[in-house]
Amino acid sequence: MAGRHVPMTIDAARGFIRRQFATTVGSESIEAAAGLGRVVAGDLRANADLPRFNASAMDGYAVRTADLDGANLKILRVVGRSLAGHPAQMELGEGEAMRVLTGAVLPTGADRVLKQEDCVESNGWIAPSLPLSGRPHVRMKAEDVARGAVVIADGTRLGARHLALLGSLGIDLIRVHRPLRVALFSTGDEVSPGPVLGEGLIGDANRPMLWALLREFGCVVSDGGIIPDDQEQLTGILLAAAQDNDLMITTGGMSVGDEDHLTSVIRRRGFLEFWRLNVRPGKPVGFGDIDDCPVLGLPGNPIAAMVMFLMLGLPLIAQLSGERADYPKFLKLPMATALDKNAGWWEAIPARLCAGPGGNTCVEAVEKRGSAMLSSLVAADGFIILPEGTGPVTAGDEVDFLFLTGS
Ligand SMILES: Nc1nc2c(c(=O)[nH]1)N[C@H]1C(S)=C(S)[C@@H](COP(=O)(O)OP(=O)(O)OC[C@H]3O[C@@H](n4cnc5c(N)ncnc54)[C@H](O)[C@@H]3O)O[C@H]1N2
Ligand code: MOO
């Protein structure tokens with residue numbers, strides 16, 4: 001573990017978090033409809049085939065390809081109708097067709113649907129456009145999902161698409177991890193809890209920002225408010241919050257972090273490290289464990305807090321929540337313009353997407369870049385990530401881009 005004043009790489013910090021923690025939340029059964037944002041506990045298997053039956057993918061006529069291949073027959077007799085939700089209980093014989101609508105059960109014997117645009121219908125007979133071409137326009141039973149297959153893997157956080165699949169399968173109860181309970185605090189005498197009236201006071205940017213991010217990642221957040229700059233109060237509040245939460249996140253008060261900052265009580269009840277990371281922004285980060293409750297101390301500057309939340313907080317939350325995902329997720333994109341960079345440290349630069357010379361998507365840094373400048377976050381779509389060892393970049397260079405989550 002790095003000493004207090006030895007800069008640590010972001011990768012070393014992430015590795016430390018990975019090794020230090022495992023899933024801490026148990027599991028429960030809930031209604032699938034209430035599963036948005038929850039993390040699946042155990043592989044979820046299909047209880048049915050999807051599609052459940054061979055079905056028509058178009059409005060038209062179900063036919064037997066063999067009847068029409070090589071144009072053996074020129075016309076077919078329409079012997080019935082199969083509508084979505086109202087199947088016809090009959091088999092299709094030679095020279096027969098059945099009127100079908102999209103989603104209707106395909107009659108036994110049929111292996112193709114002719115779109116109604118491709119047929120002329122008259123007095124119960126159809127004359128298809130021949131020769132046959134294009135797709136058969138049928139959805140075959142189980143071609144999407146076979147009963148018994150794992151459809152949602154253990155550790156998946158459920159989104160709209162997963163709820164669609166569960167709905168389609170008719171699964172109503174699912175086993176998920178209990179949501180992570182996170183206590184969120186700002187610190188600092190200058191941060192005003194209400195209207196910003198006095199000289200030298202500032203509004204609280206970090207708590208609403210982190211509250212929104214935590215909610216987006218399925219956490220149940222308890223708003224701990226603003227802790228004044230007082231060691232005893234800070235200690236008391238953190239010790240109390242450790243009893244009812246799975247994680248505590250604070251912002252501010254990290255650059256002065258050293259062993260005197262928190263009382264010996266905390267040191268007896270766990271550990272708290274103060275890291276100086278080799279990054280811009282977000283150098284000072286606190287990390288530890290109090291009464292078995294992890295603590296993440298983010299820097300006070302809002303951009304630094306955001307970057308360190310995305311880089312360290314998200315992997316920690318995923319790990320504690322049982323989510324199997326590698327956060328944050330980067331995209332490789334080309335630079336639109338050149339950018340100066342010191343190779344000595346890792347840097348996250350607020351940036352936006354823009355159109356490159358050939359109309360391709362590129363990224364460019366926003367104008368204002370201070371780690372306290374919130375207008376840069378609002379102007380940005382994410383961050384250009386340049387690791388240590390990377391110096392200035394030029395237009396066209398591919399870089400890692402970290403999308404800002406939340407809207
Ligand atoms: N002598 C040094 N001073 C500083 C260093 C350093 O290495 N040596 N590092 C700088 C860096 S980098 C950062 S980042 C900040 C981080 O400091 P802290 O985590 O201790 O945070 P504070 O000092 O409490 O606050 C920093 C800054 O952020 C503002 N702040 C705090 N909380 C909020 C909030 N909830 N909403 C909006 N803004 C907030 C606070 O007023 C300060 O302006 O330290 C540098 N200093
Ligand atoms: O963490 Mo500070 O400047 O790196 O915002």
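Start at 1 and go down the list; that is how both ligands and their atoms are numbered.
Residue-level proximity to ligand 1 for Val191 is carried by the side chain, the only part with a heavy atom below 4.0 angstrom. When heavy-atom distances to ligand 1 are checked against a 4.0 Å cut-off, Ile202 comes that close only through its side chain, counted from C-beta outward. Under 4.0 angstrom from ligand 1, the non-hydrogen atoms of Ala205 come from both its backbone and its side chain. Contacts of Met254 with ligand 1, taken as heavy-atom pairs under 4.0 Å, involve both backbone and side chain. Heavy atoms of Pro299 found under 4.0 angstrom from ligand 1 belong to the backbone as well as the side chain.
For ligand 1, the atoms closer than 4.0 angstrom to any heavy atom of Ser186 are 35 (N). Atoms of ligand 1 found under 4.0 Å from any heavy atom of Asp204 (numbered from 1 in listed order, with element): 34 (C), 35 (N), 36 (N).
Ser27 and Arg175 share a donor-acceptor pair across their side chains, judged by distance under 3.5 Å alone.
For the salt bridge (charged side-chain N to carboxylate O under 4.0 Å, His left out) test, residues two or more places apart in sequence or in another chain that qualify with Arg178 are Asp246. Residues satisfying the side-chain contact (heavy atoms from CB on, under 4.5 Å) test with Ser168, not counting sequence neighbours, are Leu50. Under the side-chain contact (heavy atoms from CB on, under 4.5 Å) criterion, Asn47 pairs with Leu169, Ile171, not counting sequence neighbours.
Taking distance alone, with nitrogen or oxygen atoms compared against 3.5 Å, Gly300 approaches ligand 1 more closely than that limit. An N or O contact shorter than 3.5 Å links Arg276 to ligand 1 by distance. Remark: ligand 1 and Gly253 share an N or O pair separated by less than 3.5 Å (distance only, no angle test). For the pair Ser371 and ligand 1, the shortest N or O to N or O distance does not fall below 3.5 Å.
The existence of a salt bridge linking Arg207 and Asp223 is confirmed by a sub-4.0 Å separation between a basic side-chain nitrogen and an acidic carboxylate oxygen.
Residue contacts with ligand 1 leave out Gly297, since none of its heavy atoms falls under 4.0 Å from the ligand. By the 4.0 Å heavy-atom criterion, Arg207 is excluded from the residues contacting ligand 1. For the ligand labelled ligand 1, residue Ala372 lies outside the 4.0 Å heavy-atom shell. Residue contacts with ligand 1 do not include Gly188, since none of its heavy atoms lies under 4.0 Å from the ligand.
Between Phe21 and Phe287, the ring center distance clears the sub-6.0 Å criterion.
Annotation: cation-pi pair Lys332/Phe330 absent, no NZ/CZ under 6.0 Å from the ring centroid and within 45° of its normal. For the pair Arg99 and Tyr61, the distance from NZ or CZ to the six-membered ring centre is under 6.0 Å and the angle to the ring normal is within 45 degrees.
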List of N/O pairs, ligand 2 versus protein, all under 3.5 Å?
residue	atom	partner	partner atom	Å
ligand 2	1 (O)	Gly282	N	2.4
ligand 2	1 (O)	Lys283	N	3.1
ligand 2	3 (O)	Ser371	OG	3.3
ligand 2	4 (O)	Gly282	N	2.7
ligand 2	4 (O)	Lys283	N	3.4
ligand 2	5 (O)	Asn301	ND2	3.4
ligand 2	5 (O)	Ser371	OG	2.6

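Proximity annotation for atom 42 (C) of ligand 1: of Met308, Glu190, Lys283, Glu190 comes nearest, heavy atoms only.
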